[in-house]
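Quick notes on the structure that follows.
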Amino acid sequence: MRRELLLIALLLTIVHADKAQAQSLNPAPIAKSSRIDLKGLTKDANSGSTAAQFQLAVAYQFGKGVDQDIYEAIRWYRMAANGGDPNAQNNLGYLYQTGPKGVKDLAEASKWYMRAATYGNSLAQLNLGLLYLRGEGVQKSTADALHWIGRAVDAECPTALAALGYIYAIGQDVPQDLDKALKLTRKAVKKHSPEGEASLGIFYARGLGVPADAVEAVKWFRKAAEAGSSDAQYGLGVMYENGQGVKKDTEEALRQYRLAGEHGSTQAQAALGEIYELGQGVKADYKEAAGWYRRAIEQGETRCATRLGAMLLRGEGIERDMQEAVKLWTWAAEQGNAYAQFDLAGLYMTGTGVQRDLVKAYSLFTLAGKTVDVSKQLSELSSKMSEDELAKVPSQDEVAKVQ
């Protein structure tokens with residue numbers, strides 16, 4: 001996996017990099033060490049105070065003054081949300097969008113974002129717009145995406161300004177417009193937006209709308225990284241690893257990747273997994289690699305699933321687990337990862353860890369063939385298959401529908 005500055009990857013994580021970034025935290029969250037009047041707050045919340053319900057939800061979500069409990073957070077957010085609090089509605093949507101298995105529900109997230117967005121909550125408008133942009137929990141719609149993100153931009157939401165700047169910078173479902181992208185990003189930067197600063201660092205690193213300038217890129221990455229932006233921490237790590245705009249420093253690159261990974265950056269988690277798996281500048285540590293790969297996989301990173309699956313298949317530095325390897329490759333293949341499709345096809349072709357199934361192998365190789373050369377594998381399979389098996393092979397159109 002090549003480590004580089006990917007605009008599209010950053011766009012997809014722009015509302016997930018930091019817990020506070022896509023949430024309404026007004027009033028300000030309680031300090032970690034603070035005590036709260038739990039009895040009094042609970043009494044007020046049970047009496048119908050949406051402000052108390054919201055404050056309790058924030059406390060439980062972040063473990064501020066109470067034991068962290070996402071289910072209690074959801075319960076109190078829901079009470080405040082049903083009482084008409086748009087901030088609670090937005091945060092409830094966020095928990096349904098980003099929560100763990102058993103909580104995550106994108107359709108439910110879109111419902112609460114819509115309620116808050118309709119009430120004028122700019123973060124909910126941004127979050128809803130990004131769901132429409134990706135088709136998550138709602139039917140994909142560029143028009144709806146731009147409508148809601150545009151509403152948030154009109155409200156001068158700094159994160160929305162940065163997000164719309166990204167969209168125009170990469171030309172995602174809109175004509176690429178670097179002038180507009182730069183204007184929006186600079187406006188976000190003026191509002192001290194870490195997302196805008198990280199974005200501006202990307203522009204200078206890649207020479208998008210501005211002359212390429214690695215030193216200037218590092219300046220903006222560092223500024224945003226110090227404000228806690230995981231995107232910027234990842235970007236700064238890339239610059240240190242490659243010696244661009246700064247003296248090459250593998251140790252500092254690793255430190256920045258770790259900071260970004262701890263803050264939820266899937267790119268950084270994937271980078272750390274690869275670094276420890278392959279021993280790039282550090283002693284190989286397969287358990288450490290597997291830990292970072294798993295964290296990235298939990299956020300939907302299919303490339304890490306293919307690498308971890310291979311490690312488990314070989315028992316490389318970790319206990320061999322064929323069942324989990326198959327499970328990971330199957331999941332990644334279903335998400336459209338061509339390399340997982342290729343690897344899984346090989347298992348079905350040989351009957352390794354799964355029941356031998358040449359028809360399934362053929363279908364998986366065909367899917368992988370959209371990205372990698374599988375002519376040799378398909379030719380070999382065809383020679384091994386009976387007429388009945390060949391008759392069961394889906395047509396190209398049928399295979400395409402799987403995606």
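This chain uses plain numbering: 1 for the first residue, then up along the sequence. Side-chain atoms are counted along with the backbone in the values below, which use heavy atoms only and exclude waters and symmetry mates.
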Can you classify the ring geometry of Phe203 versus Tyr166 as parallel (below 30°), tilted (30 to 60°) or perpendicular (above 60°)?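 Perpendicular, since the angle between the ring planes exceeds 60°.
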
Might you point out which heavy atoms bring [X] and [Y] nearest each other, and give the distance in Å?
X      : Y      : value
Val372 : Phe342 : CG2-CD1, 4.2 Å
Ala88  : Ala81  : CB-N, 3.7 Å
Ala73  : Gln61  : CB-N, 3.6 Å
Leu381 : Met349 : CD2-CG, 3.9 Å
Ala124 : Ala116 : CB-CB, 3.4 Å
Lys384 : Leu358 : O-CD1, 4.0 Å

Decide if atom [atom1] of [X] counts as having more than 12 heavy atoms of other residues, nucleotides or ligands within a radius under 6.0 Å.
X      : atom1 : result
Asp67  : CG    : no
Tyr204 : OH    : yes
Lys111 : NZ    : yes

Pair Glu108, Arg78 - check salt bridge (Lys or Arg N to Asp or Glu O under 4.0 Å), show working. CA-CA 12 Å; Glu108 190 73 5; Arg78 185 180 290 276; 3.6 Å; yes

Of all residues at least two apart in sequence or in a different chain, which pass the salt bridge (Lys or Arg N to Asp or Glu O under 4.0 Å) check with Arg294? Glu324

Applying side-chain contact (heavy atoms from CB on, under 4.5 Å) to Val246 and Arg222, what does each step give before you reach the verdict? CA-CA 11 Å; Val246 288; Arg222 195 182 303 283; 3.9 Å; yes

Determine whether [X] and [Y] make a side-chain contact, defined as any pair of heavy atoms from C-beta on separated by less than 4.5 Å.
X      : Y      : answer
Asp37  : Lys39  : yes
Leu200 : Leu182 : yes
Phe54  : Asn91  : yes
Val393 : Met385 : yes
Leu123 : Tyr94  : no
Tyr60  : Arg75  : no
Val374 : Thr366 : no
Ile70  : Pro100 : yes

Quick one: do Gln125 and Ser122 satisfy side-chain contact (heavy atoms from CB on, under 4.5 Å)? Show the steps, please. CA-CA 5 Å; Gln125 290 166 346; Ser122 60; 4.0 Å; yes

Do Ser375 and Asp373 have a side chain donor and acceptor closer than 3.5 Å? yes

Looking only at the aromatic ring of each residue, does the gap between the centers of Tyr286 and Tyr276 stay below 6.0 angstrom?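 Not close enough - the centres of the two rings lie 6.0 Å or further apart.
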
Full working for side chain to side chain donor-acceptor pair (under 3.5 Å) between Tyr362 and Glu389: CA-CA 10 Å; Tyr362 197 103; Glu389 287 174 322; over 6 Å; no

Among Gln299, Glu298, Glu262, Glu274, side chain to side chain donor-acceptor pair (under 3.5 Å) partner for Gln269: Gln299

Measuring from atom [atom1] of [X] to atom [atom2] of [Y], what distance do you get when rounded to the nearest 0.5 angstrom?
X      : Y      : atom1 : atom2 : value
Tyr77  : Gln89  : OH    : CD    : 12.5 Å
Asp85  : Thr50  : CG    : OG1   : 5.0 Å
Glu277 : Cys304 : CD    : SG    : 9.5 Å
Asn121 : Trp112 : CG    : CH2   : 13.5 Å
Gln377 : Leu364 : CD    : CG    : 12.5 Å
Gln244 : Met239 : CD    : CE    : 5.0 Å

Go through it in stages, so that I can follow the logic: the residues are Asp231 and Phe221, the test is side-chain contact (heavy atoms from CB on, under 4.5 Å), and I'd like the CA-CA distance, side-chain angles, deciding distance and then a yes or no. CA-CA 8 Å; Asp231 290 342; Phe221 282 145; over 6 Å; no

Would a distance-only check, ignoring hydrogens and angles, find a side-chain to backbone donor-acceptor pair under 3.5 Å from [X] to [Y]?
X      : Y      : answer
Arg320 : Leu313 : yes
Trp329 : Thr306 : yes
Thr118 : Met114 : yes

Would Trp331 and Ile297 count as a side-chain contact (heavy atoms from CB on, under 4.5 Å) here? Give the steps. CA-CA 10 Å; Trp331 170 76; Ile297 291 165; 4.1 Å; yes

Please determine whether salt bridge (Lys or Arg N to Asp or Glu O under 4.0 Å) holds for the pair Arg255 and Glu252, giving the CA-CA distance in whole Å, both sets of side-chain angles, and the decisive distance to 0.1 Å. CA-CA 5 Å; Arg255 188 177 80 85; Glu252 181 61 18; 3.0 Å; yes

Qualifying residues under side chain to side chain donor-acceptor pair (under 3.5 Å), relative to Ser110, sequence neighbours excluded: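 Ser110 satisfies side chain to side chain donor-acceptor pair (under 3.5 Å) with no residue once adjacent residues are dropped.
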
Taking only distance into account, with no hydrogens and no angle test, what donor-acceptor pairs under 3.5 Å do side-chain atoms of residues 140-150 form with protein atoms, sequence neighbours excluded?
| unit_1 | atom_1 | unit_2 | atom_2 | d |
| --- | --- | --- | --- | --- |
| Lys140 | NZ | Leu133 | O | 2.6 |
| Lys140 | NZ | Asp173 | OD2 | 3.1 |
| Ser141 | OG | Asp144 | N | 3.1 |
| Ser141 | OG | Asp144 | OD2 | 3.2 |

Salt-bridged, Glu216 to Lys219, with N to O below 4.0 Å?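 Between Lys219 and Glu216 there is a salt bridge, with a charged N closer than 4.0 Å to a carboxylate O.
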
Pairing of Glu136 and Lys104 as salt bridge, 4.0 angstrom limit: no

Assess the residue pair Glu288 and Arg258 against the criterion (salt bridge (Lys or Arg N to Asp or Glu O under 4.0 Å)); give the C-alpha distance rounded to whole Å, side-chain angles, the decisive distance to 0.1 Å, and a yes or no. CA-CA 12 Å; Glu288 185 80 2; Arg258 189 174 287 277; 3.1 Å; yes

